[in-house]
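In what follows, residues are counted from 1 in the order of the sequence shown.
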Amino acid sequence: MGAVSHLTLIIVLLAVSSSVVHSCPPSDRAALLAFKSALREPYLGIFNTWTGSDCCRNWYGVSCDPETHQVADINLRGESEDPIFQRAHRTGFMTGYISPAICKLTRLSSLTIADWKGITGEIPRCVTRLPFLRIIDLIGNQLSGTIPADIGRLHRLTVLNVADNSISGTIPGSLGNLSSLMHLDLRNNKLSGPIPRNFGNLNMLSRALLSGNRLSGLIPSSISTIYRLADLDLSLNQLSGYIPASLGKMAVLATLNLDSNKLSGIVPTSLFSSMIGNLNLSKNSLEGGIPDVFGPRSYFTVLDLSYNNLKGPIPKSISRASYIGHLDLSHNHLCGKIPAGSPFDHLEASSFTYNDCLCGKPLKAC
């Protein structure tokens, strides 16, 4: 063999070995193809790009760790601004199930399979054995079964979003071990049973959205120890007992939705001089009067106390609130004259109807 041809062979071998080193491992490619085989996406053809030996290059929704070249992210969204969707003039639709083959992707950090509307089956139990997983986003499918009991093993998990599915069973107690969790969205499923008592251990949590389920029992007072929690939505459940007064002493809680439950007792005064600006306590069985504790710190974009058993007058101190955008006190047992001035001068009669004996603008004169 001549020197030139020998050099050419070396260059070719180096190029081949380099491409092998910098492409995804065959085991990752095989796992992705097994994952793909369990799904059917008939309209957009996103899986048509899943060809060739290197799943790190131009496979739609797949990205790899730049150093190890192992698959790090699966990001498949059925509602997207991507040109594939714009060309098809439609949102995505996919059927099938999420194959446990994804658990062979040992460096997986992000698993997003969202808003495909037709994906059924369960969340693969084995995802709890993926130690690098930071994001699970499976919103907007038809998943059933339960949340894996040992979900708490995922100590790096920051996002758990399984909203808008048909997931049943209880919220696992191990959820309280997710010390990195920042965003929890379990809305609109079929979850039942109590909110775990150790929920307050989620000390990095900023949003907890649990509405539209069948949760029962008490609101754990431990929630008020979550310093970063800004948005708490427990509405449309079957929660009972009192509203913990400590919720009104939380540092950054801005939205508190507890509407459409079976809560009873009085409305804690702390809720009206707190950081909460969106407060919805409607459609419960709350009793007593509206606390007369409003002041300059009271700033509400929404204050909804409708459909309860509140009695007595509307407190005059409401006029001292710095702002109240939407106020609804209808369907209670309130009585007396509606105070004049702000915020009452811009409210409709529907904010006050179906009470025992309220009068004054915007209702009939006293």
Side-chain angles (χ1 to χ4, degrees), residues 16 19-130 132-145 148 154 157 159-167 185:
V16 170
S19 68
V20 170
V21 168
H22 292 295
S23 62
C24 71
S27 58
D28 279 19
R29 181 179 180 276
L32 285 174
L33 292 176
F35 164 77
K36 168 190 167 184
S37 70
L39 296 167
R40 182 171 177 270
E41 190 282 293
Y43 300 113
L44 303 172
I46 62 168
F47 289 130
N48 293 347
T49 62
W50 286 28
T51 59
S53 60
D54 187 2
C55 58
C56 296
R57 286 173 60 89
N58 302 320
W59 283 38
Y60 183 90
V62 177
S63 55
C64 298
D65 184 294
E67 293 180 6
T68 66
H69 303 286
Q70 291 177 277
V71 174
D73 302 300
I74 296 176
N75 186 9
L76 300 174
R77 294 189 179 276
E79 296 178 3
S80 170
E81 301 285 314
D82 191 274
I84 289 179
F85 292 81
Q86 294 179 350
R87 285 194 297 269
H89 302 291
R90 60 166 299 135
T91 58
F93 181 77
M94 197 185 294
T95 56
Y97 64 95
I98 301 172
S99 169
I102 57 165
C103 301
K104 295 177 181 177
L105 301 170
T106 55
R107 293 290 304 192
L108 196 65
S109 171
S110 173
L111 176 63
T112 299
I113 307 167
D115 295 313
W116 291 101
K117 307 172 188 69
I119 296 176
T120 56
E122 300 191 3
I123 302 168
R125 312 283 101 180
C126 57
V127 296
T128 62
R129 298 200 297 271
L130 293 171
F132 298 99
L133 208 52
R134 294 178 183 275
I135 295 172
I136 297 177
D137 186 352
L138 306 176
I139 187 175
N141 291 293
Q142 293 183 36
L143 300 175
S144 57
L154 298 173
L157 200 68
V159 174
L160 176 58
N161 185 355
V162 294
D164 301 327
N165 280 286
S166 296
I167 292 169
D185 193 347

Using modelled atom types and a 3.5 Å cut-off, is there a donor and acceptor pairing between side-chain atoms of K117 and backbone atoms of M94? no
What is the distance from atom CD1 of I46 to atom NZ of K36, rounded to the nearest 0.5 Å? 10.0 Å
Beyond-backbone contact of L133 with L108, side-chain heavy atoms, under 4.5 angstrom: yes
Which residue pairs satisfy the disulfide bond (SG atoms under 2.5 Å apart) criterion with at least one member in residues 62-110, sequence neighbours excluded? C56-C64, C103-C126
Closest non-hydrogen atoms of A31 and K104, given as atom of the first, atom of the second and distance, are CB-CB, 4.0 Å
Ring pair (Phe, Tyr, Trp, His ring centres under 6.0 Å): pairs with one or both residues in residues 29-57, sequence neighbours excluded: F47-W50, W50-W59
Should P148 and R125 count as side-chain neighbours, where that means a heavy-atom distance under 4.5 Å? yes
Between R29 and G52 (side chain of the first, backbone of the second, donor and acceptor by atom type, cut-off under 3.5 Å), is there such a pair? yes
Contact between Q70 and P25 at the side-chain level, heavy atoms closer than 4.5 Å - yes or no? yes
Between L105 and L130, the two heavy atoms sitting closest are O-CD2, 3.4 Å
Just how far is it from atom OG1 of T106 to atom CG of D28, taken to the nearest 0.5 Å? 6.5 Å
If you look only at pairs with a residue in residues 86-130, which of them pass as a ring pair (Phe, Tyr, Trp, His ring centres under 6.0 Å), with sequence neighbours excluded? none
Would you name the heavy atoms of S99 and A38 that are closest together and state the gap between them? CB-CB, 4.0 Å
Of the non-hydrogen atoms in L143 and T120, which two are nearest, and what is the gap between them? CD2-O, 3.5 Å
Considering non-hydrogen atoms only, spot the tightest contact between V127 and L154 and give its length. O-CD2, 3.6 Å
To the closest 0.5 Å, what do you measure between CG (D65) and CZ (F132)? 9.0 Å
Expected output: side-chain N141 to main-chain G118 donor-acceptor under 3.5 Å: no
Considering non-hydrogen atoms only, spot the tightest contact between N165 and G140 and give its length. ND2-N, 3.9 Å
So L157 and I136, side-chain contact (heavy atoms from CB on, under 4.5 Å) or not? Walk me through it. CA-CA 8 Å; L157 200 68; I136 297 177; 3.9 Å; yes
Nearest-0.5 Å distance that lies between atom OG1 in T112 and atom CG in L138: 8.0 Å
Working for side-chain contact (heavy atoms from CB on, under 4.5 Å), residues D115 and I139: CA-CA 6 Å; D115 295 313; I139 187 175; 4.0 Å; yes
Check whether N58 reaches the backbone of Y60 with its side chain - one donor and one acceptor, N or O, closer than 3.5 Å. no
For the atom pair CG (L44) and OG1 (T91), what is the distance rounded to the nearest 0.5 Å? 8.5 Å
For I123, the option from I167, L111, I98 that meets side-chain contact (heavy atoms from CB on, under 4.5 Å): I167
What side-chain donor-acceptor pairs closer than 3.5 Å can you find for residues 75-85, not counting sequence neighbours?
{"from": "R77", "atom 1": "NH1", "to": "D137", "atom 2": "OD2", "distance (Å)": "3.4"}
{"from": "R77", "atom 1": "NH2", "to": "D137", "atom 2": "OD2", "distance (Å)": "3.2"}
{"from": "S80", "atom 1": "OG", "to": "D82", "atom 2": "N", "distance (Å)": "3.0"}
{"from": "D82", "atom 1": "OD1", "to": "I84", "atom 2": "N", "distance (Å)": "2.9"}

Give a yes or no on this: more than 12 heavy atoms of other residues, nucleotides or ligands lie within 6.0 Å of atom CZ of R90. yes
Yes or no on side-chain contact (heavy atoms from CB on, under 4.5 Å) for T95 and I119, after CA distance, side-chain angles and deciding distance? CA-CA 4 Å; T95 56; I119 296 176; over 6 Å; no
Would you list the pairs meeting disulfide bond (SG atoms under 2.5 Å apart) in which at least one residue belongs to residues 67-97, sequence neighbours left out? none
Spacing of CD belonging to Q142 relative to CG belonging to D164, to within rounding of 0.5 Å: 11.5 Å
Could you list the residues that satisfy side-chain contact (heavy atoms from CB on, under 4.5 Å) with D73, not counting sequence neighbours? S63, S109, S110
